[in-house]
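Reckoned from all heavy atoms, side chains included, excluding hydrogens, waters and symmetry mates. Convention: sequence-line order gives letters A, B, ...; per-chain numbering from 1.
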Protein chains: 2
Amino acid sequence: MSSSVQRKRIRKSPEARRAEIVATAARIALTEGLECVTLRRVAEELSVRPGLISHYFPSAEDLVAEAFSTAALGELDTLLPAERPDGTPAQYLARYFALSSGEAYDDISRLWINARHLSRYRPVLRERVTRMELASDDRLETLILDGVARGEFRTGDARSAAIQILVVLDGLGAHANSDRTDRPPAVARLALSTAERALDLPPGTLDAPGATGTLPLEYSPTEAAEAAVPRAAAATTVAVTVADPADTAAEADADA
Amino acid sequence: MSSSVQRKRIRKSPEARRAEIVATAARIALTEGLECVTLRRVAEELSVRPGLISHYFPSAEDLVAEAFSTAALGELDTLLPAERPDGTPAQYLARYFALSSGEAYDDISRLWINARHLSRYRPVLRERVTRMELASDDRLETLILDGVARGEFRTGDARSAAIQILVVLDGLGAHANSDRTDRPPAVARLALSTAERALDLPPGTLDAPGATGTLPLEYSPTEAAEAAVPRAAAATTVAVTVADPADTAAEADADA
DNA sequence: TTGCTTATTGGTCGCACACTCAATAGCATC
DNA sequence: GATGCTATTGAGTGTGCGACCAATAAGCAA
């Protein structure tokens with residue numbers, strides 16, 4: 001009888017518990033959406049009471065913002081790692097484009113759409129979105145500068161090139177919730193061709209066979225997000241039926 | 001004493017009432033967000049009881065979808081009119097880009113971000129989003145084909161060119177809730193340069209002084225949306241304090 | 001004027017949410 | 001083994017939402 005629900009309290013250090021909460025919130029944000037990051041939902045996932053989540057995040061808005069930051073940073077580190085020991089800048093750039101056209105990338109696209117919309121109403125989240133946009137710009141700019149230094153790329157304004165590329169990727173990702181099967185080839189290659197033009201590369205360079213060198217092309221969004229958390233304590237993986245989180249955006253601040 | 005609230009019932013024809021409801025919902029969607037399109041909110045705006053809205057839209061999801069369609073179609077008709085009696089295709093295209101970099105365009109960008117996110121959870125809305133995307137593609141493709149026929153543009157695939165342009169505009173519009181003040185010139189011109197490249201136009205053609213000919217460049221998003229409604233009966237304009245609609249997305253379908 | 005159709009109301013129900021706070025019980029320390 | 005700190009619970013408050021339905025009254029037709 002005592003097997004169904006957890007009856008004994010498990011007392012953890014604040015740091016471990018907080019990390020666990022953030023990791024869970026980030027996973028929910030990535031797979032189900034930021035509106036699903038609620039006190040109840042996170043608590044249920046961790047088999048604790050909602051009040052405990054409130055204890056660590058007195059304002060739920062902060063938890064949502066933290067969930068987004070953690071998830072987005074984890075993805076960024078996977079897609080555009082800060083350390084690039086295994087290949088050239090051109091190879092890492094080619095790998096980035098390869099990953100961004102894969103199906104696993106849809107989760108990230110959805111997360112960004114979600115965050116950009118929700119940030120309309122949530123100042124804390126908006127600040128985090130801006131910060132993560134800058135982080136992405138920086139990361140890609142650094143890659144480009146490195147490539148320029150090695151003579152792989154040629155551009156007079158690495159940051160402008162980086163932002164142009166990211167804008168196009170945002171445009172392509174905007175349709176992550178729609179059907180994109182009959183997308184013309186020139187559209188599917190739009191990010192690539194934008195990069196090739198901005199970096200003065202011969203057309204076809206970045207998606208040529210072998211353009212990624214020996215870099216691995218597999219990754220799992222969820223795992224990447226969890227790896228971004230300092231210490232993701234024993235997070236019980238629970239099969240989740242995605243509900244309908246579409247109604248949570250507009251009401252929260254009405255009571256403020 | 002009887003002036004504060006409306007006490008006498010006003011009975012309208014179903015067609016007029018329905019049009020009034022849709023027009024109001026579309027205006028709320030455009031200015032405050034789709035999550036603010038609730039039975040209570042629309043009813044309050046029209047000084048009727050929420051039950052009446054339910055009577056015309058037994059499922060609230062249908063009302064939200066209708067609000068999006070109406071608002072988006074109104075905007076499309078303003079930005080890319082189906083009839084173009086006052087100028088050449090190049091002039092209308094130049095006008096489109098001019099409008100899309102104006103501040104009034106932010107409302108449209110926000111609406112699309114909103115709809116693309118919300119459509120993740122709402123099948124009815126998703127279908128409408130897809131339909132409106134196709135309508136936008138068609139409208140721009142037709143414009144381009146017309147320009148090609150007149151010798152203004154040159155492309156072998158008008159539809160691909162249209163979609164490329166729209167994808168870039170989506171990418172630029174994705175940041176409608178963020179700060180974009182320090183955007184590099186090449187980024188701000190990205191849609192233009194994409195069009196110039198896809199349509200084989202000399203750089204600078206579309207934003208050259210006089211590129212829009214004598215076409216007017218003013219428009220009001222809200223008015224455009226209301227004009228899209230067949231008959232927007234006496235819609236009382238009420239000053240609205242925007243609340244926080246960010247929490248309404250995820251919960252609605254949980255009860256289904 | 002009377003009567004009928006139905007647009008409109010008023011009230012209710014259940015649900016999910018964030019937030020609050022006193023009471024409880026792990027667990028480390030002595 | 002007793003003690004104290006505090007992580008954690010349990011219970012409750014108030015809000016907004018969609019959905020439902022019987023009662024009401026507006027306005028047209030006879």
OP1 or OP2 of C:dA18 under 4.0 Å from side-chain N/O of A:Ser54: no
Starting at CG of A:Leu39 and ending at P of C:dT20, how long is that distance when rounded to a whole Å? 11 Å
Taking the cut-offs as 6.0 angstrom to the six-membered ring centre and 45 degrees off its axis, would you call A:Arg18 and A:Phe57 a cation-pi pair? yes
B:Ile53 CD1 to D:dG16 P, straight-line distance once rounded to whole Å: 18 Å
Do A:Arg110 and A:Asp107 have side chains that approach each other closer than 4.5 Å (heavy atoms only, starting at C-beta)? yes
Any chance you could lay out the side chain to side chain donor-acceptor pair (under 3.5 Å) test for B:Glu35 and A:His117, step after step, and finish with the verdict? CA-CA 11 Å; B:Glu35 289 86 351; A:His117 166 63; 2.7 Å; yes
Cationic tip of A:Arg126 above A:Tyr121 ring, under 6.0 Å, 45° of axis: no
How many Å lie between CG on A:Leu34 and P on C:dC17, as a whole number? 15 Å
How long is the line joining CZ of B:Phe57 and C1' of D:dC20, in whole Å? 18 Å
Whole angstrom value for the distance that separates P of C:dA7 from CD of B:Glu20: 14 Å
Hey, are A:Arg180 and A:Asp106 close enough for a salt bridge, meaning a charged N less than 4.0 Å from a carboxylate O? yes
Is the shortest side-chain heavy-atom distance between B:Val129 and B:Glu133 below 4.5 Å? yes
Restricting both atoms to N or O, compile the protein contacts to nucleotides 1-4 of chain D shorter than 3.5 Å, with distance only.
none

Could you state the NZ-C1' distance from B:Lys12 to D:dA25, rounded to the nearest angstrom? 17 Å
If we check side chain to side chain contact (heavy atoms under 4.5 Å, CB included) with B:Val48, which of these qualifies: B:Val42, B:Ile21, B:Ile53? B:Ile53
Would you call B:Arg27 and B:Glu32 a salt bridge, using N to O less than 4.0 angstrom? no
Closest approach to the side chain of A:Arg11, judged atom by atom: which nucleotide of C:dA18, C:dT8, C:dG26 is it? C:dG26
In whole Å, what is the span from the NZ atom of A:Lys8 to the C1' atom of C:dA25? 8 Å
To the nearest Å, give me how far apart CD1 (A:Ile28) and P (C:dC17) are. 11 Å
Check this for me, if you would: do B:Glu45 and B:Arg41 make a salt bridge, where the nitrogen-to-carboxylate-oxygen distance has to be below 4.0 angstrom? yes
Tell me whether the OP1 or OP2 atom of D:dA7 has a side-chain N or O from A:Tyr56 closer than 4.0 Å. no
Pull out every protein N or O sitting under 3.5 Å from an N or O of nucleotides 9-12 of chain C, one pair per line with the distance.
{"residue": "C:dT9", "atom": "OP2", "partner": "B:Arg49", "partner atom": "N", "Å": "3.1"}
{"residue": "C:dT9", "atom": "O4'", "partner": "B:Arg9", "partner atom": "NH2", "Å": "3.2"}
{"residue": "C:dG10", "atom": "OP2", "partner": "B:Arg49", "partner atom": "NE", "Å": "3.4"}

